[in-house]
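Counting starts at 1 for both ligands and their atoms, in listed order.
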Amino acid sequence: MKPAASLQRRLGLGLTLGITLLWLLATAGAGLVVQHELDEAFDSALEETAQRILPLAVLEIVNREEPRALQHIASLQAHKEYLTYLVRDNHGNTLLQSHDADLAVFNAQPLEGFTTTSSHRLYAASALRKTVFIEVAEPLAHRHEAAWGALQAFLLPLLLLIPLSLFGTWLLVRLSLRSVLAYRRAIETRGAGDLSPIKAARLPAEINPLADAVNHLMERLRRALEAERSFTANSAHELRTPLAATLAQVQRLRREIPEGPLQERATQIEASLRELARLSEKLMQLAKAEGGGLLSETPQDLLPLLAHVVEDLRRTAGGRLHLQLPSTEAVLTTIDPDAFAILLRNLIENAMKHGASDQPIEVSLSSTALLQVVNAGPLVPPALLAQLSERFVRGPGQAEGSGLGLAIAAAIAQGVGARLLLASPAPGKTDGFAVSVQFAPA
Ligand SMILES: Nc1ncnc2c1ncn2[C@@H]1O[C@H](COP(=O)(O)OP(=O)(O)OP(=O)(O)O)[C@@H](O)[C@H]1O
Ligand SMILES: [Mg+2]
C-alpha cells in the first residue's frame with residue numbers, strides 16, 4: 001500500500017508551485033509592458049536628440065569655409081556615448097560625427113525615420129531639402145539592459161517568496177491541524193474496551209462530521225456489545241435455576257429406579273445436565289470478563305486471593321498443586337478480586353484437566369505481579385496454540401469442556417491491561433504447557 005500523503009507537504013508544494021507560476025506569468029506580462037513603454041520612451045529621446053542637433057549641425061556646416069570637410073566633434077569630457085550621431089550629405093559623404101561614432105553601425109545610405117539593425121536602433125532626419133541628413137544611433141544592448149534591470153526587480157522577490165510560502169503553508173496547516181492531531185491522540189491513548197464518546201475540542205468544520213460519525217459508530221458498537229453481553233449473562237442466569245431443579249429431579253429419579261438400562265440412561269442425562277450447567281456457568285463468566293468493571297478502585301493484594309483459590313482447588317487436585325509465592329509482603333495490582341479468581345480458577349482447572357495427571361502443577365506469583373501456571377503433558381502444536389484463547393476452540397485431548405476457559409482468561413487479561421502468554425513446551429522443559437499473565441503492578 002502507498003503511504004498516505006501528508007496534507008502539509010501537498011498543500012505546501014501545491015500552493016508554492018501555484019504562486020511561483022502565477023508570479024512568473026505576471027512578471028512575463030509586466031516585462032512585455034515595460035519593454036513596450038521603454039521602447040517608446042527611448043525612441044522619443046532618439047527622435048528628440050536628432051531634431052535638436054540637426055539645426056545646429058546645419059548651421060555649423062553652412063558656416064564652414066570648406067563645407068565638405070569632415071569634422072569630428074571633440075568631447076568636452078571623456079565619457080562613454082550611448083547615443084552617437086553622424087551627419088552626411090545626400091551622396092553619403094560624412095560631414096560631421098560625434099567622437100565615438102562607428103560608421104559600421106549606420107546604414108550605407110541614410111534612411112529617414114526609425115530603422116533597427118542587428119545591434120542598433122537608428123533614427124534619421126533631413127534638412128535643406130534632403131541634402132543634409134542626421135542619423136542618431138543607440139545600441140540595442142542599452143535598451144536590453146534597462147529591460148533586464150526591470151525584470152530582475154520583479155524576479156528577486158520570488159527568491160524570498162518561495163521559502164516564505166513553503167514555510168507559511170507548513171505553519172498554517174500545522175496550526176489548523178493541531179486539534180485534529182489532539183483528536184488522533186485521544187483515540188490512540190484510550191484503552192481497548194473504552195467505547196465512550198471521544199470529546200474533540202474545536203475541530204475544523206470539515207473534520208467535525210467525521211468525529212460525530214465516529215462517536216455514533218462507537219455508541220452503536222457499545223450498545224451492540226452490551227446487548228450481546230447482557231443477553232449471554234441473562235440467558236445463563238435464567239438457565240441456572242431450572243437446570244439445578246432438573247438436575248435434582250434426575251438425581252432423585254436415578255436413586256429410585258432399579259439397576260439396569262434405565263439407570264444407565266438416567267446417569268447419562270445427569271451427566272449432560274451437569275455439562276449444561278457448567279457451560280452456562282462459563283458463559284456467565286465470559287459475559288463478566290468481556291464486560292466492564294474488571295478493575296478495582298483500590299489496589300488489591302494478589303497473595304491472599306491466590307492462596308484462597310489454590311486452597312479451594314486443592315481439595316479436588318490433591319497433592320499435585322504446588323504454590324510458589326514471592327518473599328514480598330504484598331503484590332499489588334488493580335484487578336477486581338472476582339475477576340482474578342475467575343481467571344486463576346480457569347487456568348488451574350485447565351492444568352488439572354488437560355495436563356499429565358500424575359505430574360505436579362506449579363502455580364507461582366512473582367513480586368513483579370507475574371502469574372504462572374505450568375503443567376506437564378503432551379505438546380500443543382504452535383498453530384493450535386495461537387488459537388486456543390479464541391472462544392470454543394479446544395485441543396485434541398479427551399477431557400470434557402466447552403473451549404471457553406482460555407477465552408475467559410484472555411478477556412479478563414485484556415480488560416485489566418495484563419499480558420497473557422501461552423507456551424508449549426513450558427519454558428525450560430521439553431513438554432507441557434505454561435500460561436503466564438503479567439499484571440501491571442499498582
Ligand atoms: N494447561 C493446559 N495443558 C494442556 N492443554 C491445555 C491447557 N490449557 C488449555 N489447554 C488446551 O486448550 C484448549 C482450550 O482450553 P479452554 O480452557 O479454552 O477450553 P476447555 O478447557 O477445553 O473447556 P472449558 O474451559 O470451557 O471447560 C483445551 O481444550 C486444551 O486442549
Ligand atoms: Mg478450560
To the nearest 0.5 angstrom, please state how far the CG atom of Leu404 sits from the CZ atom of Arg278.
11.5 Å
Regarding Ser296 and Thr298, is there a side-chain donor-to-acceptor distance under 3.5 Å anywhere?
no
Please compare Gly405, Ala376, Ala407, Ala434 and report which has the shortest non-hydrogen distance to atom 25 (O) of ligand 1.
Gly405
Side chain, backbone, both or neither: Arg394 near ligand 1, heavy atoms under 4.0 Å
both
Step by step, would you call Arg345 with Asp312 a salt bridge (charged side-chain N to carboxylate O under 4.0 Å, His left out)?
CA-CA 9 Å; Arg345 209 170 258 282; Asp312 197 26; 2.4 Å; yes
Ligand 1 versus Leu404, non-hydrogen atoms closer than 4.0 Å: side chain, backbone, both, neither?
both
For Ala351, is the nearest heavy atom under 4.0 Å from an atom of ligand 1?
yes
Within Asn346, is some N, O or S atom less than 2.8 Å away from the Mg ion (ligand 2)?
no
Hey, is ligand 1 close enough to Val380 that some N/O pair sits below 3.5 Å?
no
Give the atom numbers and elements of ligand 1 that come within less than 4.0 Å of a heavy atom of Gly401.
23 (O), 27 (O)
Among Leu388, Val435, Leu283, whose heavy atom sits nearest atom 12 (O) of ligand 1?
Leu388
Between His120 and Phe106, is the ring centre distance below 6.0 Å?
no
Would you tell me whether Thr16 and Ser165 have side-chain atoms, one donor and one acceptor, within less than 3.5 Å of each other?
yes
Ser402, any N or O under 3.5 Å of ligand 1 N or O:
yes
Starting from atom 18 (O) of ligand 1, which protein heavy atom do you reach first, and at what distance in Å?
Leu406 N, 2.9 Å
What protein heavy atom is closest to atom 4 (C) of ligand 1, reported as residue, atom name and distance in Å?
His354 CB, 3.5 Å
Looking only at N/O atoms, are Asn375 and ligand 1 under 3.5 Å apart anywhere?
yes
Atom 2 (C) of ligand 1: which protein heavy atom is closest, and how many Å away?
Phe433 CD2, 3.3 Å
Contact with ligand 1 for Ile408, non-hydrogen, under 4.0 angstrom
no
Return the CD1 to CD1 distance between Ile408 and Ile412, rounded to the nearest 0.5 Å.
7.0 Å
Should the proximity of Lys353 to ligand 1, defined as any heavy atom under 4.0 Å, be assigned to the side chain, the backbone, both, or neither?
side chain
Leu406 side chain near Asn346 side chain, heavy-atom distance below 4.5 Å
no
Return yes if a side-chain donor-acceptor contact under 3.5 Å exists between Gln251 and Glu270, otherwise no.
yes
Contact between ligand 1 and Gly403 is defined here as a heavy atom of the residue under 4.0 Å from a ligand atom; is it met?
yes
Taken to the nearest 0.5 Å, the spacing of Asp39 CG from Ser44 OG works out to 12.0 Å
Would Arg202 and Ser179 count as having a side-chain donor-acceptor pair, cut-off 3.5 Å?
no
Can you find an N/O atom of Gly395 closer than 3.5 Å to an N/O atom of ligand 1?
yes
Below 4.0 Å, non-hydrogen atoms only: which portion of Val393 touches ligand 1? Side chain, backbone, both or neither.
backbone
Between NZ of Lys353 and CD1 of Ile348, what distance do you get to the nearest 0.5 Å?
13.5 Å
